[in-house]
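Everything on this sheet refers to the single structure shown next.
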Amino acid sequence: MSQHLPVLQVVVPLLAAPLAALVRRPRLSWLVAFLAALWAFGVAVALLHHVLSVGPISYHIGDWAPPWGIEYRVDQVNAFVLLIVSGIAAVVLPYARASVEWEIENERIPLFYTALILCMTGLLGISVTGDVFNVFVFLEISSLSAYALIAMGQDRRALTAAYQYLIMGSVGATFIVIGIGLMYVMTGTLNMADLAQRLPAMEANRTIPVAFAFLTVGISLKLALFPLHLWLPNAYAYAPSTVTSFIASTATKVAVYMLLRFVFTVFGAAFSFDVMNIDRILTPLALAAIVFMSLSAIYQPNVKRLLAYSSVAQIGYMVLGISLASVFGVAAGILHLFNHALIKGALFMAMGCVMYRVGSVRIEAMAGLGRTMPFTMAAFVIGGLSLIGVPLTVGFISKLYLVRAALEQGMWPVAVLVLVGSLLAVIYVWKVVEVAYFRQPIGDGSIREAPLSLLLPTWVLVLANIWFGVDAKLTAGVAIRAAQTLLGVGS
Amino acid sequence: MKEVLGLYNYWIVIGLMMIGFYTMISRGNLVKKLVGLSIFQTSVMILYISMGKILGGTAPIIIEGRENVVYTNPIPSVLILTAIVVGVATLAVGLALVVRIKEAYGTIEEDEIHEQDDVM
């Protein structure tokens with residue numbers, strides 16, 4: 001059983017998805033989804049433990065040896081990503097029950113959970129597979145279910161947001177297929193490890209740089225790299241709270257993982273950075289994302305939209321770390337992958353609590369919430385501090401590594417811009433805090449603290465923000481080993 | 001001349017790809033955008049099939065008693081079967097969204113939708 005863990009990671013949630021639709025009872029389908037997420041989390045923990053203590057796992061689907069069969073390959077990098085995706089799913093699902101019952105009509109709830117598990121399955125599949133075409137298939141599984149999930153938002157703008165995401169996401173995915181096809185026509189293989197071996201001999205051929213370009217642009221669309229982020233703010237702002245919490249902390253992270261995988265494992269750092277000079281385009285775009293998107297966030301009247309713009313800025317930090325191409329830089333990127341999932345998960349869940357009680361997440365509607373919903377707003381404040389990067393929170397650890405990596409290469413203007421991004425984060429977090437704590441509550445005083453079933457999962461993530469901020473040994477250790485694996489330097 | 005006629009299938013791919021892409025960018029009608037997306041995806045399917053095809057090649061089935069048979073690579077075709085399914089699913093989800101947008105806004109023209117959103 002234990003040697004089948006890589007495939008069980010994907011197959012069990014995949015089978016749970018139709019089951020959740022078939023049981024037809026909201027509570028029962030929630031239970032199916034929750035068990036699937038718990039299962040995925042358990043498997044991910046076991047896989048990470050195995051990878052850290054024994055080494056990478058190569059699983060051959062149907063016992064067909066690679067490169068002919070599909071290989072699932074788990075190493076330090078994707079074991080960590082699997083843990084992030086399944087961990088967030090396991091925390092979001094207990095939260096989902098009350099939130100979804102309030103936001104979605106009863107007869108649609110089983111289908112909602114089906115789409116949610118499918119989305120998780122797709123994201124887990126992208127992370128676990130070692131076959132490039134398999135990446136595309138899982139990418140579409142996760143994207144199609146994400147479009148449906150976003151469209152279930154109460155605001156009708158959720159529909160247009162989902163439509164826009166569908167158009168841009170499909171273009172991105174099609175670009176990725178073109179890239180994969182061009183690689184296949186040159187090498188005759190789809191296996192990542194096999195591609196990594198065969199590609200260096202082909203570098204002189206013009207097809208390979210073209211494939212690289214298509215893949216980079218396609219993945220950048222998926223991870224919402226500035227200026228390809230246009231689908232993201234509306235999609236996050238108008239999706240149901242549960243969906244925003246889940247997708248914001250996982251979908252773009254998995255896309256960042258895809259970028260890591262293709263740039264470092266498939267094409268190799270030497271080709272990506274020395275021949276294609278990918279850092280010359282990624283670094284400026286990442287810095288532009290950090291500055292411009294943080295500035296845009298300041299002017300948003302809707303807090304979920306504000307956080308969405310901040311997400312695009314935070315993705316800039318991850319891409320910046322990757323573009324430095326040093327062990328510390330890539331480790332900072334991977335570390336922020338994990339840390340940002342915790343930060344945005346906590347913040348969006350706090351906003352879900354506000355949505356549940358107040359019915360709006362516009363800034364002016366949050367007046368006085370510091371008094372009426374103290375625990376929710378305390379969660380928001382701690383999440384906000386973490387987003388800024390205050391010591392003792394995870395955000396600080398990420399920024400510390402990132403600034404260190406930039407200074408290591410003597411790029412002090414980059415380090416300065418990272419800190420400017422933090423200052424801008426102070427402004428947009430403060431805007432919310434000011435309204436919530438220093439204004440009189442509006443309305444008739446009927447607003448109460450959010451129910452425990454919403455608060456508990458939110459606080460689990462908030463405490464994780466502090467826990468991994470105080471004791472970063474585990475996360476930073478895994479991130480550094482993952483970076484060493486990707487860069488192919490001694491572990 | 002050889003580049004134009006000898007590689008005509010790739011020129012068709014590029015042509016279709018640009019037609020689809022341009023339709024998606026230039027049209028304000030949500031259904032037309034999806035049609036553009038579909039054309040765009042179809043061009044990639046032709047790209048894959050072209051890659052695997054060998055002139056005079058046959059289906060990869062062993063023919064008894066004959067040697068040196070030229071086979072067409074079946075893998076791109078198989079991959080594209082998957083991509084077709086994905087394309088159909090994308091189109092279905094997209095059209096379903098358009099139906100719901102029509103119900104919510106009463107229009108499927110992008111600029112009219114933006115106008116309604118700006119008023120709110």
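Predicted model only: the values in this text are computed from it and were never measured. Chain naming here is simple, since letters A, B, ... match the order of the sequence lines and numbering starts at 1 in each.
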Side chain to side chain, A/Phe214 and A/Ile176, heavy atoms closer than 4.5 Å: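 Side chain of A/Phe214 against side chain of A/Ile176, heavy atoms only: no contact under 4.5 Å found.
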Interface moiety of B/Leu47 toward chain A, non-hydrogen atoms closer than 4.5 Å: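 It is the side chain, since no backbone atom gets that close.
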Which atoms of B/Tyr105 approach chain A - backbone, side chain, both or neither, heavy atom under 4.5 Å: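 Both parts, heavy atoms under 4.5 Å.
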Stepwise side chain to side chain donor-acceptor pair (under 3.5 Å) check, B/Glu109 with B/Asn29: CA-CA 5 Å; B/Glu109 292 295 331; B/Asn29 184 303; 3.2 Å; yes
Heavy-atom proximity to chain B below 4.5 Å, by part of A/Tyr165: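 No part of it gets close to chain B.
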Per-residue contacts, [range] versus chain B, heavy atoms under 4.5 Å:
| range | result |
| --- | --- |
| residues 216-239 of chain A | none |
| residues 179-191 of chain A | A/Ile180, A/Gly181, A/Tyr184, A/Val185, A/Leu190 |
| residues 130-139 of chain A | A/Phe133, A/Phe136, A/Val137 |

Listed pairs under 3.5 Å, donor-acceptor, residues 77-98 of chain B side chains, sequence neighbours left out:
from: B/Thr82; atom 1: OG1; to: B/Val78; atom 2: O; distance (Å): 3.4
from: B/Thr90; atom 1: OG1; to: B/Val86; atom 2: O; distance (Å): 2.7

Side-chain ion pair, B/Glu110 and B/Lys33, N-O less than 4.0 Å: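 Answer for the salt bridge query: yes.
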Ring geometry between B/Phe40 and B/Phe21 (parallel below 30°, tilted from 30 to 60°, perpendicular above 60°):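 B/Phe21 vs B/Phe40 ring planes: parallel.
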Heavy-atom pairs under 4.5 Å with chain A, option from B/Ile75, B/Asn73, B/Leu30 with the top count: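 Result: the option with the highest number of such pairs is B/Leu30.
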